[in-house]
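Owing to the predicted nature of the structure, the values given are computational and were not obtained by experimental measurement. Chain A is the first sequence line, chain B the second, and so forth, proteins listed ahead of strands; every chain is numbered from 1. What you see below is based on every heavy atom in this structure, not just the backbone, and it leaves out hydrogens, waters and symmetry mates.
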Amino acid sequence: MREPDRPRSSPLPGAPSADRSAYLRRLRRDRRLITAGRVLVLLLFALLWEGAAQLGWIDGFIFSSPSRIFTTALELAQSGELWLHVGVTLYETVLGFVIGTALGILAAVWLWWCPRAAKIADPYLVILNSLPKIALGPVIIVWMGTGTAAIVTIAVLVSVVVATTSIATGFFEADPQQLLLLRSLGATKFQQLTMVVLPASVPTMVSALKLSVGMSWVGVIVGEFLISRAGLGYLIVYGGQVFKLDIVMAGVVILCLLSALMYYAVVWFEKKAGRRR
Amino acid sequence: MNPLLQLEGVSLRYQTAEAETVAIERLDLSVAPGEFVAIVGPSGCGKSTVLSMIAGLLPPTAGSITLNGKAVDRPLPGIGYMLQRDYLFEWRSIWENVALGLDVRKQPGGRERAESLLKTYGLYEFKDSRPSELSGGMRQRAALLRTLAIDPDLLLLDEPFSALDYQTRLTLSDEVSAIIRKEQKTALFVTHDISEAVSIADRVVVFSARPARVTLDLPVTLPGSTPLSRRSAEEFRAYFDRIWKELQHHA
């Protein structure tokens with residue numbers, strides 16, 4: 001990468017010119033329009049759904065409606081049932097995510113440390129990556145029993161392979177010349193890991209985190225589908241079984257909100273890590 | 001005077017699945033303390049490979065390399081290696097980059113030295129900056145200070161200006177030569193640029209095409225204290241032509 005002497009951006013002294021103010025105004029207007037557009041899409045969708053249910057175009061009993069979902073969610077919240085399910089699912093997801101990512105990082109370090117091991121593991125990782133890990137759900141339940149442990153294990157199983165392969169790819173992409181530089185200074189393998197490989201892979205690790213967040217949700221919900229004791233997955237399956245589709249829809253909407261929340265937590269972490277770099 | 005660096009009968013054979021390549025064949029070279037030696041040669045002749053071997057990163061398949069009479073069998077503390085590009089770490093500030101070697105070697109004693117280097121060579125006000133905030137020339141200067149911070153006896157410079165534009169290149173070669181002479185270091189400098197070699201070095205060694213051998217060992221004495229002023233010396237042309245002919249002859 002050739003680095004030219006770049007001109008430093010220097011704000012002109014004095015008041016901003018008319019051109020600049022106009023540009024800033026356009027920029028702000030553009031941002032407002034995009035935000036408004038996003039809200040509008042959601043509102044239109046909800047309005048259309050609600051209208052269709054009210055006017056009898058669709059059967060509200062089967063298709064539910066925003067107002068029915070809202071009332072159901074409110075009832076569940078008031079009875080305290082909702083918080084139990086949200087708490088259980090959140091707990092399992094965070095646990096599955098943390099364990100899956102930690103194992104992924106450890107496995108990636110191991111693969112980086114012994115390139116021969118990486119070569120041996122490669123075909124197996126490829127197969128494991130394409131295998132729907134959820135298929136192992138029933139086996140996990142037999143092994144671990146019908147409790148939190150089995151659900152978290154499924155979540156870990158679903159997220160760990162993607163985490164491992166994507167983090168290891170990042171590790172192997174560390175600049176060989178930077179490593180050469182360290183070795184010329186007499187660095188040990190451990191120093192190469194901590195001083196170049198890990199800091200250089202922060203961006204790949206963050207995108208791996210984003211992937212594993214989603215994967216953990218999939219694992220937990222499927223685990224709850226299979227085990228059916230508590231949690232949003234249980235709530236959704238229960239709603240389906242007693243044919244209360246309002247409960248199913250309320251469960252899905254809350255799931256949406258929670259997973260978005262967790263995703264943005266990772267984005268926030270990414271921004272923080274980015275500032276430090 | 002005993003040589004600081006001595007290569008005797010150094011050979012290197014590369015093995016790949018396809019073939020065996022003789023990269024370097026029975027190479028002899030010695031560098032006296034305080035000398036500034038430039039190696040020029042056709043591209044791909046193994047100039048950089050020789051530096052890697054002296055840096056202790058690549059063991060020769062035959063022959064011996066010694067620094068101060070000590071065999072180079074691993075990266076020795078007495079050798080500082082400067083690569084073609086700066087390879088500054090974006091996750092470290094300029095100060096932390098310059099102190100990299102001290103961190104690796106766990107030499108907290110070198111901090112003061114590193115700090116005075118930053119002050120002397122005009123990077124102190126940028127010590128908390130990120131590498132991306134510096135210009136190409138300043139980055140390469142920071143890379144040189146990183147190499148000097150570990151106080152090496154011998155500096156290995158592998159085409160350190162090749163990634164820079166021409167003007168920066170001329171300025172920086174003046175600066176680097178001044179810094180190296182002021183710090184009284186011995187330097188071995190690899191380049192494919194004949195003018196650069198003649199202007200900066202006390203001695204120019206010409207390598208043949210692969211397998212690399214020394215075909216010319218030419219001491220250079222030019223009036224002028226900086227590479228730029230030496231370029232305008234009358235004798236400059238003669239040195240240039242002598243090396244040019246040697247390279248043509250073996251091409």
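Contact check for B:Phe189 versus B:Glu159: no side-chain heavy atoms found under the 4.5 Å cut-off. Residues B:Phe126 and B:Leu134 meet the side-chain proximity criterion, which asks for heavy atoms closer than 4.5 Å.
Side chains of A:Glu173 and A:Thr204: no donor on one and acceptor on the other come within 3.5 Å.
Using a 4.5 Å cut-off between heavy atoms, B:Leu156 does not touch chain A at all. Looking at A:Gln191, the atoms closer than 4.5 Å to chain B (heavy atoms on both sides) all sit in the side chain, from C-beta outward.
Contact count versus chain A (heavy atoms, under 4.5 Å) is highest, among B:Gly56, B:Pro77, B:Pro75, B:Pro152, for B:Pro75.
Within the 3.5 Å criterion, the main-chain N or O of B:Ala197 finds no donor-acceptor partner in the side chain of B:Thr191.
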